[in-house]
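One is the number of the first residue; the rest follow in order along the sequence.
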Amino acid sequence: MGLLPEGCIANVISFTTPRDACRLSSVSTVFKSAAESDAVWERFLPPDYPSLLSDAASSSSSSSSLHFSSKKELYFSLCHNPILIDEGKKSFSLDKQSGKKCYMISARDLLIVWGDTPTYWRWTSVPEARFPEVAELICVCWLEIRCKINTRSLSPRTLYAAYLVYKPTAGSYGFEYQPIDVSVGVVGSESQTRTVYLDAERGQRQRYHYPRRIGLFNRSRRQASMPKENDGCYPKERDDEWLEIELGDFFNKEDEDGELEMSVLEVAAGDWKGGLIIQGIEIRPKQDGIPEEAILYAEHLIDESWMSEQQSNEVDDSEFNL
């Protein structure tokens with residue numbers, strides 16, 4: 001292998017993955033130079049990244065943060081720091097493990113029924129949001145939120161999942177025992193529909209609560225109506241301290257051409273509810289089959305390793321270990 005020119009080694013590495021490239025950089029100085037070359041990391045970036053960066057520059061008042069010394073630096077910046085595109089109505093980032101595209105559609109780009117009626121919703125800003133505005137639910141009896149994204153914007157041959165990103169206010173009410181219908185699917189095709197609960201505290205109580213035994217038949221009915229802890233019906237806290245609830249998943253095929261529609265609905269019961277802050281709906285690759293704890297730990301290791309590399313200019317294999 002020592003007789004191979006660096007360009008040839010770089011070409012081979014470019015057909016692997018970002019994690020493999022970081023691992024191979026420790027083989028030798030030649031491999032390190034090849035694995036960190038722009039030729040390798042250009043292949044890990046999506047083909048349309050120049051237009052996305054151009055969109056981000058036009059959506060931002062300052063484009064100084066979009067200048068990078070290498071394609072590798074650009075890659076990891078897009079993993080750690082989502083950029084605003086589409087006039088600030090969407091954010092774009094990369095999945096650390098695969099380099100696949102991730103998007104969040106802001107609340108301003110969602111179709112929220114009665115969203116412009118101050119009695120029911122108000123638009124405000126919070127410092128912890130990535131968008132200038134978020135939508136705060138005052139009170140409604142008809143909750144309907146929808147959005148669409150073109151499937152060609154997503155990475156091909158990728159299993160995606162969509163998530164509502166939100167947080168409750170101090171006075172949140174009406175969601176404790178209210179099921180919410182959520183769905184994901186391509187317009188014109190059958191959608192995947194499921195039922196979730198937006199009350200995080202109820203999800204925590206469900207982990208430890210066992211129904212009191214009041215007769216065999218009553219106990220059976222109560223247990224049958226209560227979702228299991230690990231079935232994804234309850235929200236989970238994100239690293240950014242927002243909550244997210246999975247709406248469903250979708251496999252984006254190579255030649256998929258259509259609009260992916262996501263929805264959040266509670267229109268049947270007619271009960272009043274309020275006290276949610278909606279940041280947006282995120283679409284990202286689904287880590288199917290990988291325990292959530294392993295994914296979160298891997299994200300933590302990658303973040304720590306990248307910060308260490310910024311200081312020492314070295315990369316080790318722990319950057320992508322699960």
When you check the side-chain N and O atoms of [X] and [Y], is any donor under 3.5 Å from an acceptor?
| X | Y | answer |
| --- | --- | --- |
| N150 | S153 | no |
| E244 | W242 | no |
| S33 | E6 | yes |

Between F68 and W41, ring centroids under 6.0 Å: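 Aromatic pair excluded; centres sit 6.0 Å or further apart.
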F250 and Y160 aromatic centres sub-6.0 Å: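 Ring centroids of F250 and Y160 are no less than 6.0 Å from each other.
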What distance do [X] atom [atom1] and [Y] atom [atom2] have between them, rounded to the nearest 0.5 Å?
| X | Y | atom1 | atom2 | answer |
| --- | --- | --- | --- | --- |
| L198 | L164 | CG | CG | 6.5 Å |
| I180 | L265 | CD1 | CG | 9.0 Å |
| L111 | M262 | CG | CE | 12.0 Å |
| T124 | I277 | OG1 | CD1 | 7.5 Å |
| W272 | C139 | CH2 | SG | 5.5 Å |
| L154 | K100 | CG | NZ | 11.0 Å |

Closer than 3.5 angstrom, by distance alone: can the side chain of [X] be matched with the main-chain N or O of [Y] as a donor-acceptor pair?
| X | Y | result |
| --- | --- | --- |
| S191 | T193 | no |
| S14 | N11 | yes |
| T117 | Y120 | no |
| S172 | T169 | no |
| E266 | D181 | no |
| R194 | E246 | yes |
| E176 | G174 | yes |
| D55 | D86 | yes |
| N252 | T151 | yes |
| E73 | S69 | yes |

Salt-bridge contact R238-E282 (side-chain N to carboxylate O under 4.0 Å): yes
Side-chain ion pair, D255 and K253, N-O less than 4.0 Å: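 The answer is no: the pair does not qualify as a salt bridge.
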So, for [X] and [Y], which heavy atoms are closest and what is the spacing to 0.1 Å?
| X | Y | result |
| --- | --- | --- |
| Y75 | P18 | OH-CG, 3.2 Å |
| G88 | S106 | O-OG, 4.4 Å |
| P235 | A200 | CG-CA, 3.7 Å |
| L45 | K71 | CD1-CD, 3.9 Å |
| S183 | S263 | OG-OG, 2.5 Å |
| R43 | F15 | NH2-CE2, 3.0 Å |

Exceeds 12 heavy-atom contacts within 6.0 angstrom, atom CD of E259: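 Yes, the 6.0 Å shell around CD holds more than 12 heavy atoms from other groups.
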More than 12 heavy atoms of other groups within 6.0 Å of W114 CH2: yes
I138 with W123, same ILVMFWY side-chain cluster at under 4.5 Å: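 Not linked; separate clusters.
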V267 with V264, same ILVMFWY side-chain cluster at under 4.5 Å: yes
Audit row: D95, Q287, side chain to side chain contact (heavy atoms under 4.5 Å, CB included) steps and yes/no: CA-CA 10 Å; D95 177 68; Q287 307 290 347; 3.3 Å; yes
Among E241, E128, E136, the one residue meeting salt bridge (charged side-chain N to carboxylate O under 4.0 Å, His left out) with K167: E128
Can you confirm whether [X] sits close enough to [Y] that some side-chain heavy atom of one is under 4.5 Å from a side-chain heavy atom of the other?
| X | Y | value |
| --- | --- | --- |
| I85 | L52 | yes |
| I13 | D20 | no |
| I283 | Y163 | no |
| M104 | Q279 | yes |
| I83 | S91 | no |
| F92 | C102 | no |
| V196 | Y234 | no |
| L74 | Y49 | yes |

Lys NZ or Arg CZ of R284 over Y103 ring: under 6.0 Å, within 45°: no
Evaluation steps, salt bridge (Lys or Arg N to Asp or Glu O under 4.0 Å), between D48 and K101: CA-CA 11 Å; D48 59 344; K101 295 178 177 180; 2.8 Å; yes
Side chain to side chain contact (heavy atoms under 4.5 Å, CB included) between Q192 and D249, worked out: CA-CA 8 Å; Q192 177 189 103; D249 54 35; 3.0 Å; yes
Member of L110, L260, D109 meeting the side chain to side chain contact (heavy atoms under 4.5 Å, CB included) criterion with C147: L110
Candidate pair K96 and R19, rule side chain to side chain contact (heavy atoms under 4.5 Å, CB included), full reasoning: CA-CA 9 Å; K96 291 186 184 77; R19 178 171 56 180; over 6 Å; no
Chi angles and distances behind the side chain to side chain contact (heavy atoms under 4.5 Å, CB included) call for Y197, F175: CA-CA 7 Å; Y197 294 84; F175 293 101; over 6 Å; no
